[in-house]
Engineer: 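Supplied in structure tokens, the structure appears directly below.
Proteins get letters first, then strands, A, B, ... in listed order; numbering begins at 1 in each. These values consider heavy atoms only, across backbone and side chains, with no hydrogens, waters or symmetry-generated copies.
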Amino acid sequence: MSVSLAGAVTLWFDSAARDLPWRSPDTTPWGVLVSEIMLQQTPVSRVTPAWLSWLARWPTPAAMAADPDQPAAAIRMWGRLGYPRRALRLYECAVAAVERHGGEIPSDLDALLALPGVGSYTARAVAAFAFGQRHPVVDTNVRRFVARAVGGRAEAGPATTQRDLDAVAALLPEAAADAARASAAFMELGAVVCVARSPRCAACPVATTCAWRRAGSPPAEVPGQRTQTYAGTDRQVRGLLLAVLRDADTPVPATRLDIVWPDAVQRDRALATLLADGLVVTPEPGRYALPGAR
DNA sequence: AAAACGTGGAA
DNA sequence: TTTCCAAGTTT
């Protein structure tokens, strides 16, 4: 073997990396954290404009924490990225940074893991991409790429396990900066070449050594998981309700919410979970608003 | 450990 | 038109 897997993929990354704004060398750890939270289950194409707007308005955690319109402003700025609880978590991260870390995003992995909405993936991504540390960064792209290139399987398991972390850690170069770069490269390859549906193996820098290809590109073992329809779910109703409040500049009466969904039982249930999540408040009986809205 | 949690674009 | 899927986290 002339060059390691990480080396080959990193070399490819050097010329093929997309020019994403949060990859700019002057991006702060806060900017990296914002990107990682936004990218949780949301495609790059939709995140990019939201990230630019977010950082323009709140260039630091302190700026965000001090904004008197929070957290309503965060929820509004979040727009339609989906999973709006992430907007709340990001605001809470800003507050935590100010209260616990002198206004900075911490570099320590355990301190990162203690931030709201920051799990195993996001904490390691920030530690690696913002601080250049050597940690396995394992997201769905990396799991899929490693499952194929190393494991010879068409698909990865359903969730990130300690085994996944260990497997990726074993692939990383020793030098921290190289390891962080390799992690970004693995993710990029999984995102644009080693994709889920029709992998573009002709464009892959490690196609000749890929265990899955060597095995004849066998199909996935399990056909597929549940289809998970969206129409008619509580999720859709929550989205409709929150959209009304996002677009309103004063607290709205219940009648404004009643019209977005005909089933009162499901509507009330969705509203109750929004209240429980802290995404909606009742400033006065019978009226609803985003938290902190003035 | 399974299920909840949004949204929109591509196939 | 329907299904798949996108840099996950939390309970």
Engineer: Within the 4.0 Å heavy-atom criterion, would you say A/Ala125 contacts the bases, only the backbone, or no part of the nucleic acid?
Structural biologist: nothing

Engineer: Give a yes or no on whether the backbone of A/Ser45 and the side-chain of A/Thr48 come within a donor-acceptor separation of less than 3.5 Å.
Structural biologist: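 Absent.
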
Engineer: Take the protein atom CZ of A/Arg85 and the nucleotide atom P of B/dT7, then report the distance between them rounded to whole Å.
Structural biologist: 12 Å

Engineer: Measure CD/A/Gln41 against C1'/C/dA6 and give the value in whole Å, please.
Structural biologist: 6 Å

Engineer: Measuring only the P atom in each nucleotide, how far is C/dT9 from B/dG8? A whole number of Å is fine.
Structural biologist: 23 Å

Engineer: From the list B/dG8, B/dG6, C/dA7, which nucleotide is the closest neighbour of the side chain of A/Arg18?
Structural biologist: C/dA7

Engineer: Both A/Arg89 and A/Glu36 contact DNA chain C. Which one's nearest nucleotide lies toward the 5' end?
Structural biologist: A/Glu36

Engineer: Tell me what A/Ser120 touches on the nucleic acid: a base, only sugar-phosphate, or nothing, going by heavy atoms under 4.0 Å.
Structural biologist: sugar-phosphate

Engineer: State which of B/dG8, B/dG6, C/dA7 makes the closest approach to the side chain of A/Arg238.
Structural biologist: B/dG6

Engineer: When rounded to the nearest 0.5 angstrom, what is the spacing between CG in A/Leu290 and CZ in A/Arg76?
Structural biologist: 5.0 Å

Engineer: At under 4.0 Å between heavy atoms, what does A/Leu242 touch on the DNA or RNA strands: base, sugar-phosphate, or nothing?
Structural biologist: nothing

Engineer: Just compare C/dT9, B/dC5, B/dG6 and give me whichever is closest to any side-chain atom of A/Thr42.
Structural biologist: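 Of the candidates, B/dG6 comes closest.
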
Engineer: Using a strict cut-off of less than 4.0 Å between a Lys/Arg side-chain nitrogen and an Asp/Glu carboxylate oxygen, indicate whether A/Arg238 and A/Asp277 qualify as a salt bridge.
Structural biologist: yes

Engineer: Using atom P of each nucleotide, how far apart are C/dA7 and B/dA3 to the nearest Å?
Structural biologist: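 After rounding to an integer number of Å, I get 23 Å for this pair.
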
Engineer: Donor-acceptor pair under 3.5 Å: do we get one between A/Thr233's side chain and the base of B/dG6?
Structural biologist: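 Side chain to base: no pair present.
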
Engineer: Say whether A/Gln40 and A/Tyr121, considering side chains only, have a donor N or O and an acceptor N or O under 3.5 Å apart.
Structural biologist: no

Engineer: So, A/Asp178 and A/Arg134, do they make that salt bridge, N to O below 4.0 Å?
Structural biologist: no

Engineer: Whether the side chain of A/Arg235 and the base of B/dT7 hold a donor-acceptor pair under 3.5 Å is what I'd like checked.
Structural biologist: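 Between B/dT7 and A/Arg235, which were checked side chain against base, a qualifying N/O pair under 3.5 Å is absent.
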
Engineer: Give A/Arg23 one of three labels, base, sugar-phosphate or nothing, depending on what nucleic acid heavy atoms sit under 4.0 Å from its own.
Structural biologist: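 Base contact - A/Arg23 has a heavy atom under 4.0 Å of at least one base atom.
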
Engineer: Over all strands shown, is A/Leu20 touching base, sugar-phosphate only, or nothing at heavy-atom distances under 4.0 angstrom?
Structural biologist: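 Base contact - A/Leu20 has a heavy atom under 4.0 Å of at least one base atom.
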
Engineer: NA contact type, A/Trp22, heavy-atom cut-off 4.0 Å: base, sugar-phosphate, or nothing?
Structural biologist: base

Engineer: Of the nucleotides C/dA7, B/dG8, B/dA10, which has the atom closest to the A/Arg197 side chain?
Structural biologist: B/dA10

Engineer: Measuring from the side chain of A/Tyr83 (C-beta onward, heavy atoms only), which nucleotide among C/dA6, B/dG6, C/dT9 has the closest atom?
Structural biologist: B/dG6

Engineer: Using a heavy-atom cut-off of 4.0 Å across all strands, would you classify A/Gly119 as base, sugar-phosphate, or nothing?
Structural biologist: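 Sugar-phosphate only.
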
Engineer: Quick one: label A/Val137 by what it contacts on the DNA or RNA (base, sugar-phosphate, nothing), any heavy atom closer than 4.0 Å.
Structural biologist: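 It contacts nothing in the nucleic acid.
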
